[in-house]
Structures are given as structure tokens and as C-alpha cells.
2 protein chains.
Amino acid sequence: MEPEILELESFLPYRLYRLADAVSREFSRIYKDRHGLTRPEWRTLAGLGQHGSMTATALGEQSAMHKTKVSRAVAELEQRRWLTRKPDEKDRRIEHLTLTRAGLAAYREMVPLAKAFERELLAKLSAGERAAVTEGMAALKGAFG
Amino acid sequence: MEPEILELESFLPYRLYRLADAVSREFSRIYKDRHGLTRPEWRTLAGLGQHGSMTATALGEQSAMHKTKVSRAVAELEQRRWLTRKPDEKDRRIEHLTLTRAGLAAYREMVPLAKAFERELLAKLSAGERAAVTEGMAALKGAFG
DNA sequence: CCAAACTGGTTTCATTTGTAACCATCGAAA
DNA sequence: TTTCGATGGTTACAAATGAAACCAGTTTGG
């Protein structure tokens with residue numbers, strides 16, 4: 001019997017990973033080069049900018065990060081004085097995280113850059129291709145739960 | 001002026017990364033749980049299984065790995081006696097890597113599992129969705145170079 | 001022929017990551 | 001109330017990673 005061969009280049013998990021990695025790496029220049037942020041730090045900033053105030057657990061859920069990543073990212077952003085922690089009144093295990101003025105400023109500076117990045121990427125696609133991207137990703141996401 | 005907000009959940013780089021990570025993590029069980037391989041090791045195995053014999057540099061190009069990753073993966077697989085190195089006759093810097101019988105056996109065992117994984121994932125999609133995935137990924141890949 | 005530039009590959013070091021253990025606090029049940 | 005299991009979050013430790021330095025060996029240009 002013919003030995004089976006797997007063509008890595010067309011193997012879905014590989015292609016998907018490679019693509020995400022390339023896009024992500026390119027995008028990371030926006031927060032890494034500019035402010036020396038790591039990805040978890042960027043996501044933390046993005047989460048808090050978007051929602052105003054969150055707990056570490058909520059951050060982890062929203063942005064799909066392990067709690068240790070969140071913990072370290074928060075610690076770093078706190079060092080920079082980009083966010084502050086406020087203990088919860090009722091439950092003393094919980095801390096509410098909020099961006100400081102400086103953190104908010106950084107966030108506001110980065111949002112347009114992020115949007116421009118996405119826009120420019122999508123602008124290279126035809127309308128049909130954009131639709132395919134949207135549909136394909138939604139389908140995969142759905143298929144995966 | 002209204003402060004701009006970025007919705008992380010619908011931000012393309014984030015969604016893409018998250019999806020790839022989920023798929024990749026799930027797939028990794030096949031080589032990690034079964035043989036304790038890392039991703040670079042799996043890719044090395046896959047590359048050699050597919051092409052028969054390659055240099056480290058070629059491996060890196062084919063499977064998008066940094067040369068240090070290749071170097072370490074190769075060293076580990078050599079330890080396991082899953083591959084051997086043969087120096088090039090003409091150019092003594094180069095080594096030709098080939099799977100041993102044991103390496104090939106592991107490869108042959110994993111290929112059907114990998115294919116089944118992909119097949120089952122795609123089976124959850126409609127024909128149209130599958131087409132969308134294919135088109136969308138190709139478009140993004142093209143847009144990115 | 002020889003120095004300089006380049007290439008294949010490894011090693012070193014600092015950083016990032018994941019797992020598991022951990023500490024404190026809370027909620028429920030006896 | 002006391003105890004026990006869950007939860008929010010941090011820390012410790014080991015493994016994975018990336019950047020840059022490094023060591024051959026090879027090519028190129030003078």
C-alpha cells in the first residue's frame with residue numbers, strides 16, 4: 001500500500017497558524033516598536049480601553065489569555081503607571097483595573113493605527129474576498145467550539 | 001470628538017490569531033500527547049516525511065521556522081534516533097537529514113491522524129463555507145506578501 | 001593566492017511562556 | 001460557626017523562544 005504523505009503547505013492548521021503568525025507579527029510592530037509592549041500587554045490595554053474597567057479574570061476571558069499572562073501584563077502596565085488597581089468593596093480578592101490618563105492616551109494613540117492596519121490589509125482584497133474571509137473565519141470558529 | 005474604540009473581538013489580527021491558536025493547540029495533542037513532540041519537532045518530522053531528505057536550511061524555509069528552532073528540533077529527533085545526518089560530499093557545511101526507520105514509522109502513524117483531524121474539522125462546514133475558508137485564506141496570504 | 005564577505009548550522013543569553021503550586025478570600029453546607 | 005471546596009490572583013520553576021554572537025567552511029574580488 002502506498003505510504004500516505006501529508007502536504008504541510010496545504011494542511012489547514014499549518015496554513016492558518018502561519019497566516020495568523022505573519023499578520024500578528026506585522027501588527028505587533030505597532031505596539032512593540034512604538035511602546036515596547038508585549039502582546040499580552042497590548043491586549044490588556046485594548047481590553048481596558050474598550051471596557052473602561054475590568055477585573056483580571058474578565059480580561060483573561062475577553063482576550064483569551066491565561067491568568068498568569070494577565071497577571072504579568074497588569075503588573076507591567078501598573079509599573080508604567082498606565083493603569084491602577086482598585087480593590088472591590090465586597091470581595092477583597094477582586095481588583096478592578098482602570099487605565100490612567102497616560103494609559104488612556106496611549107490607547108487613544110494606538111487605536112487609529114490598529115484600525116488603519118486592518119483597513120489597509122482588507123483594502124488589498126476584493127469585496128468578494130473580504131466576504132470570504134468573514135464567512136470562512138466565522139464558520140471555522142463555529143465549527144470549533 | 002468621540003474617542004475611538006477598538007472592538008478586540010472583531011479585530012482581524014486578533015480573531016485570526018485566536019482561531020489559529022485554538023486549532024493548533026487542539027491539533028498539537030496528536031503529536032504532543034502521543035509522542036511528546038514539540039511543534040518544531042513535528043514540523044521537522046513532517047517535512048522530512050514529505051520530502052525524504054532535506055538540509056536544515058531547506059526545512060526552515062519549507063516550514064517557516066527560525067534556524068535555531070530547526071537546529072534544536074533536529075538535535076532532539078536525532079537523540080531519539082528518528083533521523084540521521086549525512087554530510088554533503090561537496091560542501092562540508094551542509095548536512096542532509098533523513099528519517100530512520102523509526103522516524104518514518106512515527107510519521108506514517110501520524111499522517112492519517114493529521115488528515116483525519118483536518119477532515120473532521122472541515123466536515124463540520126458546509127460546502128460553501130469550505131470554499132469561503134479556502135478563498136479567504138488564499139486571499140489573505142496573497143495580500144500579505 | 002589571499003583577504004573579506006557570505007552561508008550552514010550551533011550555542012549562549014535574556015525573555016516569554018505554561019504548569020503547577022501557592023496564598024488569601026469567599027460561599028455553602030453541616 | 002467551622003470546615004471544605006471553589007475562586008481571584010501571584011509566584012516559582014521548567015521549558016520554549018528569539019536575537020545575536022559564534023565557528024566552520026566556501027565563495028568572490030582583487
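Just so it is clear: chains get the letters A, B, ... in the order the sequence lines come, proteins before strands, and each one is counted from 1.
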J.: For the pair made of CD1 in I94(A) and P in dG27(C), what is the distance, rounded to whole Å?
T.: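 So the CD1-P distance, I94(A) to dG27(C), works out to 9 Å.
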J.: Tell me, please, which residues at least two apart from R130(A) pass salt bridge (Lys or Arg N to Asp or Glu O under 4.0 Å).
T.: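 Per chain and number, R130(A) pairs via salt bridge (Lys or Arg N to Asp or Glu O under 4.0 Å) with no residue.
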J.: Distance check needed: dT16(C) P versus L37(A) CG, whole Å only.
T.: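 Taking CG of L37(A) and P of dT16(C), I get 11 Å after rounding.
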J.: dA19(D) P sits how many Å from H66(B) NE2, rounded?
T.: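 So the two atoms are 6 Å apart, to the nearest Å.
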J.: Look only at the side chain of S10(A) and the backbone of E7(A), and say whether a donor-acceptor pair between them is shorter than 3.5 Å.
T.: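 Present.
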J.: What residues, two or more places apart in sequence or in another chain, satisfy side-chain hydrogen bond (donor to acceptor under 3.5 Å, both in side chains) together with Y17(A)?
T.: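 So Y17(A) forms a side-chain hydrogen bond (donor to acceptor under 3.5 Å, both in side chains) with R39(B).
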J.: Is E61(B) reaching over with its side chain to a backbone N or O of A58(B), donor-acceptor style, under 3.5 angstrom?
T.: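 Not confirmed, E61(B) side chain does not pair with A58(B) backbone.
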J.: Hey, can you pull the residues of residues 38-48 of chain A with a non-hydrogen atom under 4.0 angstrom from DNA chain C?
T.: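 Heavy-atom contacts with DNA chain C come from T38(A), P40(A).
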J.: Where the side chain of S28(A) meets the backbone of R25(A), is there a donor-acceptor pair that is under 3.5 Å apart?
T.: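 It does hold such a pair.
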J.: Using a cut-off of strictly less than 4.0 Å between a heavy atom of the residue and any atom of DNA chain D, enumerate the qualifying residues of residues 16-34 of chain B by number.
T.: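 Nucleic-acid contacts, sorted: none.
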J.: Using atom names, set out every protein N or O paired with an N or O of nucleotides 24-28 of chain D below 3.5 Å, distance rounded to 0.1 Å.
T.:
residue: dG25(D); atom: N2; partner: R93(B); partner atom: NH1; Å: 3.0
residue: dT26(D); atom: OP1; partner: K90(B); partner atom: O; Å: 3.4
residue: dT26(D); atom: OP1; partner: R92(B); partner atom: N; Å: 2.8

J.: Nearest-Å distance, CD (E95(B)) to C1' (dT7(C))?
T.: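 Checked: the CD to C1' distance equals 14 Å.
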J.: In whole Å, I'd like the distance from the CG atom of L59(A) to the P atom of dT7(D).
T.: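 To the nearest whole Å, that distance equals 19 Å.
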J.: Can any side-chain N or O of T98(A) pair as donor or acceptor with the backbone N or O of T84(A) at less than 3.5 Å?
T.: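 Not confirmed, T98(A) side chain does not pair with T84(A) backbone.
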J.: Measuring to OP1 and OP2 of dT10(C), would you say a side-chain N or O of R85(B) lies under 4.0 angstrom away?
T.: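 Yes.
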J.: Quick one: list whatever passes salt bridge (Lys or Arg N to Asp or Glu O under 4.0 Å) with R119(A), sequence neighbours left out.
T.: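 For R119(A) there are no salt bridge (Lys or Arg N to Asp or Glu O under 4.0 Å) partners, ignoring immediate neighbours.
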J.: Rounded to whole angstrom units, what separation is found between the CD atom of E61(B) and the C1' atom of dT7(C)?
T.: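 Between C1' of dT7(C) and CD of E61(B): 12 Å.
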J.: Pull out every residue in residues 51-58 of chain B that has a heavy atom closer than 4.0 Å to any atom of DNA chain C, ordered by number, or say none.
T.: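 Of all residues in residues 51-58 of chain B, the ones placing a heavy atom under 4.0 Å from DNA chain C are T55(B), A56(B), T57(B).
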J.: Counting only N and O atoms by type, is there a donor-acceptor contact under 3.5 Å from the side chain of K124(B) to the main-chain atoms of G142(A)?
T.: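 A pair under 3.5 Å: no.
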J.: Show me, pair by pair, the donor-acceptor contacts under 3.5 angstrom made by side chains of residues 70-82 of chain A, not counting sequence neighbours?
T.:
residue: R72(A); atom: NH2; partner: T68(A); partner atom: OG1; Å: 3.4
residue: E76(A); atom: OE2; partner: R80(A); partner atom: NE; Å: 3.2
residue: E78(A); atom: OE1; partner: R85(A); partner atom: NE; Å: 3.1
residue: E78(A); atom: OE1; partner: R85(A); partner atom: NH2; Å: 3.1
residue: E78(A); atom: OE2; partner: R85(A); partner atom: NE; Å: 3.2
residue: R80(A); atom: NH1; partner: H35(A); partner atom: O; Å: 3.0
residue: R80(A); atom: NH2; partner: H35(A); partner atom: O; Å: 3.0
residue: R80(A); atom: NH2; partner: G36(A); partner atom: O; Å: 3.4

J.: What pairs meet the ring-ring contact (aromatic ring centres under 6.0 Å, His included) rule with one or both residues in residues 61-80 of chain A, with sequence neighbours excluded?
T.: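 Passing the test, one end in residues 61-80 of chain A: no pairs.
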J.: So which of residues 67-75 of chain B are in contact with DNA chain D, with a heavy-atom cut-off of under 4.0 Å?
T.: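 Heavy-atom contacts with DNA chain D come from T68(B), K69(B), R72(B).
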J.: Between dA16(D) atom C1' and M65(B) atom CE, what is the distance in whole Å?
T.: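 Value for this atom pair: 14 Å.
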J.: Partners of K67(B) by salt bridge (Lys or Arg N to Asp or Glu O under 4.0 Å), sequence neighbours excluded?
T.: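 Salt bridge (Lys or Arg N to Asp or Glu O under 4.0 Å) list for K67(B), sorted by chain: empty.
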J.: Are K86(A) and E95(A) close enough that some pair of their side-chain heavy atoms sits under 4.5 Å apart?
T.: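 A side-chain contact is absent here, since even the closest heavy-atom pair is not under 4.5 Å.
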J.: Restricting to non-hydrogen atoms, name the atom on L97(B) and the atom on A56(B) that form the minimum distance, rounded to 0.1 Å.
T.: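 Smallest heavy-atom distance, with atoms named: CD1-N, 3.9 Å.
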J.: I need the CG-P distance between L77(A) and dT10(D), as an integer number of Å.
T.: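 Atom-to-atom, L77(A) to dT10(D), this comes out as 12 Å.
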J.: Is there a donor-acceptor pair under 3.5 Å between the side chain of E41(B) and the backbone N or O of T38(B)?
T.: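 Yes, E41(B) side chain to T38(B) backbone: donor-acceptor pair under 3.5 Å.
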J.: State which residues pass side chain to side chain contact (heavy atoms under 4.5 Å, CB included) with R29(B); sequence neighbours excluded, sorted by chain then number.
T.: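 Checked R29(B) against side chain to side chain contact (heavy atoms under 4.5 Å, CB included); matches are E26(B), D33(B).
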J.: Is the backbone of G136(A) close enough, under 3.5 Å, to the side chain of E129(B) for a donor and an acceptor to pair up by distance?
T.: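 Side chain of E129(B) to backbone of G136(A): no pair is present.
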